[in-house]
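Here's the structure, in structure tokens; my notes come after.
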Protein chains: 2
Amino acid sequence: MPEDPPNSAPAHGPTIYEVARRAGVSIATVSRALRDTGPVAPRTRAKVLAAVEELRFTPSRLGVSLAEGRHAANGIVFPDLSGPYYAEVVLGYEEVASELGRSVIILSARGRSNVRDQVKDLAGRVDGLVVFGHTVDDATVRELMAAGLPVVLLARAPIAGADLVASENIATAGVLTEHLLGHGYRDLTMLGASTGDDIGERWAGVTRALSAHGLTAGPPVPCEFTVDGGLAAGRDLLRRRTRPEAVICADDQVALGMLLAAEELGLDVPGDLAVTGWDDIMAARHARPALSTVRQPMRELGARAARALDELITGARATTRHQTLATELVVRTSCGEHPPQEDL
Amino acid sequence: MPEDPPNSAPAHGPTIYEVARRAGVSIATVSRALRDTGPVAPRTRAKVLAAVEELRFTPSRLGVSLAEGRHAANGIVFPDLSGPYYAEVVLGYEEVASELGRSVIILSARGRSNVRDQVKDLAGRVDGLVVFGHTVDDATVRELMAAGLPVVLLARAPIAGADLVASENIATAGVLTEHLLGHGYRDLTMLGASTGDDIGERWAGVTRALSAHGLTAGPPVPCEFTVDGGLAAGRDLLRRRTRPEAVICADDQVALGMLLAAEELGLDVPGDLAVTGWDDIMAARHARPALSTVRQPMRELGARAARALDELITGARATTRHQTLATELVVRTSCGEHPPQEDL
DNA sequence: TTGTATGCGTTATCAG
DNA sequence: CTGATAACGCATACAA
């Protein structure tokens with residue numbers, strides 16, 4: 001004989017108690033019938049399913065999560081979504097997470113002062129978290145990890161004990177630099193100061209390659225990482241007493257702004273000035289001159305992070321792992337006339 | 001005297017029971033002290049806060065939601081995130097939702113067969129849902145609404161009883177068409193067949209404007225809404241016996257592909273062929289020729305949807321509302337030589 | 001001002 | 001094969 005609900009007021013949808021009563025069984029049987037988690041007589045199952053159908057019953061996610069002790073949801077906190085880069089990565093993440101049966105809760109850190117609080121709230125809603133870029137301070141990340149939350153770092157500086165997924169930056173920055181040197185440029189400047197993230201690594205790669213040739217460059221020029229930021233910084237840069245021969249931009253958006261600045265000042269690219277970007281976003285291919293850049297597997301970056309996080313959550317893997325995804329120099333026309341030569 | 005937890009095994013973090021015991025008070029007092037929802041003596045409060053601090057207590061979101069009967073989270077299901085358009089809209093949505101103290105759970109419908117099931121799962125995790133584009137069939141949307149879930153439709157065909165936020169399409173499509181006619185083009189073709197969404201509205205606007213001049217156009221040419229889709233369809237289109245004078249593309253990505261196709265075939269834009277887009281994504285400005293297009297307030301679209309949904313959820317508004325956001329023709333060079341004339 | 005008891009909607013254990 | 005009941009973690013009438 002089915003028992004009655006211990007309480008009275010029903011919420012929005014029907015509850016398992018109403019289904020049980022309708023089917024003339026207990027809530028335990030309803031649960032078993034629905035989840036196939038124990039023996040249920042065919043006739044009983046049919047009654048239950050009929051009741052479920054008639055009442056349009058859907059188990060409450062809250063109830064399920066509370067009982068199961070898991071959210072079946074992942075979080076991701078990212079710097080922004082305005083450029084194509086971040087959006088693509090998040091999309092790749094959502095796609096895989098969804099395949100793995102996990103919802104994804106997003107949190108943008110863009111111009112947010114209370115990221116820390118928001119991240120902690122987010123942490124309470126998920127079974128695991130991806131921290132994309134330098135959106136959360138190390139102390140907070142460590143705190144979350146200490147509380148037992150699986151964390152995967154994405155495209156940022158490592159933290160001991162946390163998984164990491166990132167693109168290769170240093171070596172390809174070297175390849176890019178060599179290519180520029182192959183064009184004959186000697187005076188290179190880096191546009192877009194940053195440190196501790198992937199951009200910092202790019203500058204490290206550039207610097208290393210230059211010094212291998214006995215060359216040096218000034219410190220990266222500060223610049224907001226947007227088209228307008230590149231435009232503004234580009235104007236300043238091109239008005240200096242001595243103009244650089246080549247500008248290596250932190251990413252494609254900055255490079256696009258740089259192109260605009262050059263055009264404004266009547267400078268020819270690549271005739272008067274070489275420009276390169278990083279990411280290979282759609283606009284890079286369509287810009288004139290078409291932008292030489294470095295392609296990184298944005299979608300795959302997110303996908304890998306999702307898989308790594310899942311392994312951590314399910315316990316399929318306990319040790320931390322660092323994954324580095326290959327990147328590729330894409331030579332178009334903004335870096336100089338071609339065909340020049342294969343790099344040495 | 002504080003009571004003991006009714007059960008034994010603690011979960012991950014400390015629970016309110018442990019805090020209560022540590023502070024020597026009841027769980028009710030802990031809750032009141034933390035939420036400021038009732039009288040608590042200063043001394044008592046201090047004890048509670050101290051215990052919270054020592055134990056690093058964070059209330060379980062699940063417990064809170066279950067007790068409060070709300071998720072403090074919104075959902076959004078969108079078609080894709082790969083183009084800049086959708087990403088911008090989602091970002092605008094997240095930004096406002098976050099300001100309103102609500103997390104956002106995303107669901108991409110891209111190439112998903114089981115969207116219906118996923119949406120129903122999502123519905124169980126949120127207090128309200130934004131349906132962006134034609135990602136969910138009307139029946140399902142109605143079902144969710146019938147179950148009491150607040151729903152806001154975004155950039156898609158209306159459903160009775162549901163809020164709607166969309167960009168103005170028809171009138172601006174007319175303005176665009178008039179502009180093209182002003183250039184002297186008479187043979188226009190629409191690239192990117194679609195119906196029941198904003199693109200369908202654009203075609204309606206174009207058709208209406210043409211017929212006002214006694215002109216007609218063939219039906220929209222089918223085309224995938226990506227750069228590659230535009231490229232492929234563009235190749236076919238330009239190899240036809242009679243080439244159109246102007247191609248109105250469904251969106252900027254398609255137009256960018258069209259530009260590529262023209263270049264491939266050695267055609268000059270706008271000399272041999274005029275091309276227009278829609279959305280004004282970043283690449284439109286950087287393409288050569290720079291793309292004439294229609295700017296729509298992508299971020300604002302998402303922001304409005306978030307606010308509308310919040311009103312519905314909080315009950316601040318009970319009646320449904322349709323909002324149409326203004327759009328603007330952006331004339332650059334892909335549609336012809338300028339200055340020609342102001343439209344009549 | 002504080003504590004008790006109960007509700008929120010499931011799942012799972014353990015008798016029967 | 002099925003039912004009663006204890007978790008899960010918190011909020012909140014209501015009583016004291």
Side-chain angles (χ1 to χ4, degrees), chain A residues 1-21 23-48 52 55 57-72 121 124-125 127 147, chain B residues 1-21 23-48 52 55 57-72 121 124-125 127 147:
Chain A
M1 224 177 306
E3 75 284 25
D4 261 29
N7 40 38
S8 50
H12 242 30
T15 75
I16 198 172
Y17 284 96
E18 314 184 35
V19 175
R21 178 182 310 171
V25 299
S26 75
I27 62 165
T29 298
V30 174
S31 182
R32 274 191 296 257
L34 255 35
R35 301 171 56 86
D36 213 43
T37 182
V40 177
R43 262 195 74 164
T44 310
R45 175 186 308 275
K47 283 192 301 185
V48 170
V52 165
L55 266 39
F57 170 72
T58 307
S60 153
R61 238 301 140 197
L62 247 30
V64 174
S65 289
L66 196 57
E68 282 186 336
R70 59 174 226 136
H71 299 272
D121 177 276
R125 299 174 173 272
D127 301 319
Chain B
M1 222 178 306
E3 74 285 24
D4 261 28
N7 39 38
S8 49
H12 242 31
T15 74
I16 197 173
Y17 285 96
E18 313 184 35
V19 175
R21 178 183 308 171
V25 299
S26 75
I27 60 165
T29 300
V30 175
S31 182
R32 278 191 294 257
L34 255 35
R35 301 170 55 88
D36 212 43
T37 182
V40 177
R43 263 196 72 166
T44 309
R45 176 186 307 276
K47 284 193 300 184
V48 170
V52 165
L55 266 39
F57 170 71
T58 307
S60 153
R61 238 299 140 197
L62 246 29
V64 174
S65 290
L66 199 55
E68 282 186 336
R70 58 174 226 134
H71 298 271
D121 177 276
R125 299 173 172 274
D127 301 319

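Nearest to the side-chain atoms of A:Thr29 among the listed nucleotides C:dT2, D:dG3, D:dT12 stands D:dG3. Among C:dT11, D:dC10, C:dT4, the nucleotide with an atom closest to any side-chain atom of B:Phe57 is D:dC10. Relative to the side chain of B:Ala28, the nucleotides D:dC1, C:dT4, D:dA11 differ in distance, and C:dT4 lies closest. Here D:dC10 is the nucleotide among C:dG9, C:dG3, D:dC10 with the atom lying nearest to any side-chain atom of B:Ala67. The side chain of B:Ser26 has C:dG3 as its nearest neighbour among C:dT10, D:dC10, C:dG3.
B:Pro39 comes within contact range of at least one nucleobase, with a heavy-atom separation under 4.0 Å. Using a 4.0 Å heavy-atom cutoff across all strands shown, B:Ser60 reaches sugar-phosphate atoms only and no base atom. Counting any heavy atom pair closer than 4.0 Å across all strands shown, B:Arg35 reaches sugar-phosphate atoms only and no base atom. At the heavy-atom level, B:Val30 lies nowhere under 4.0 Å from the strands shown.
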For A:Val40 and A:Val48, what are the C-alpha separation, side-chain angles and deciding distance, and is it a side chain to side chain contact (heavy atoms under 4.5 Å, CB included)? CA-CA 10 Å; A:Val40 177; A:Val48 170; 5.8 Å; no
What's the verdict on salt bridge (Lys or Arg N to Asp or Glu O under 4.0 Å) for B:Asp36 and B:Arg32, showing C-alpha distance, side-chain angles and the deciding distance? CA-CA 5 Å; B:Asp36 212 43; B:Arg32 278 191 294 257; over 6 Å; no
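Between the P atom of D:dT12 and the CD1 atom of B:Ile16 lies a distance of 11 Å, rounded to the nearest Å. Rounded to an integer number of Å, the gap from CD of B:Glu18 to P of D:dC8 is 10 Å. When the C1' atom of D:dA7 is taken as reference, atom CG of B:Leu62 falls 14 Å away, rounded to whole Å. Rounded to whole angstrom, the span from the OH atom of B:Tyr17 across to the C1' atom of D:dA7 amounts to 11 Å. As rounded to whole Å, 13 Å separates atom C1' of D:dA13 from atom CD1 of B:Ile27. At whole-Å resolution of the value, CG in A:Leu66 and P in D:dA11 are 13 Å apart. At whole-Å resolution of the value, CG in A:Leu34 and C1' in C:dG9 are 13 Å apart. Straight-line distance from the NE2 atom of A:His71 to the C1' atom of D:dG9: 11 Å, rounded to whole Å.
Remark on DNA chain D: of its neighbouring residues B:Arg61 and B:Arg32, the 5'-side contact belongs to B:Arg61, judged by nearest-heavy-atom nucleotide.
For the pair B:Arg61 (side chain) and A:Arg125 (backbone), a donor-acceptor distance under 3.5 Å is absent. Under a 3.5 Å cut-off, the side chain of B:Asp127 and the backbone N or O of B:Ala72 do form a donor-acceptor pair.
No option in A:Leu55, A:Val30, A:Ile27 other than A:Leu55 meets the side-chain contact (heavy atoms from CB on, under 4.5 Å) test with A:Glu18.
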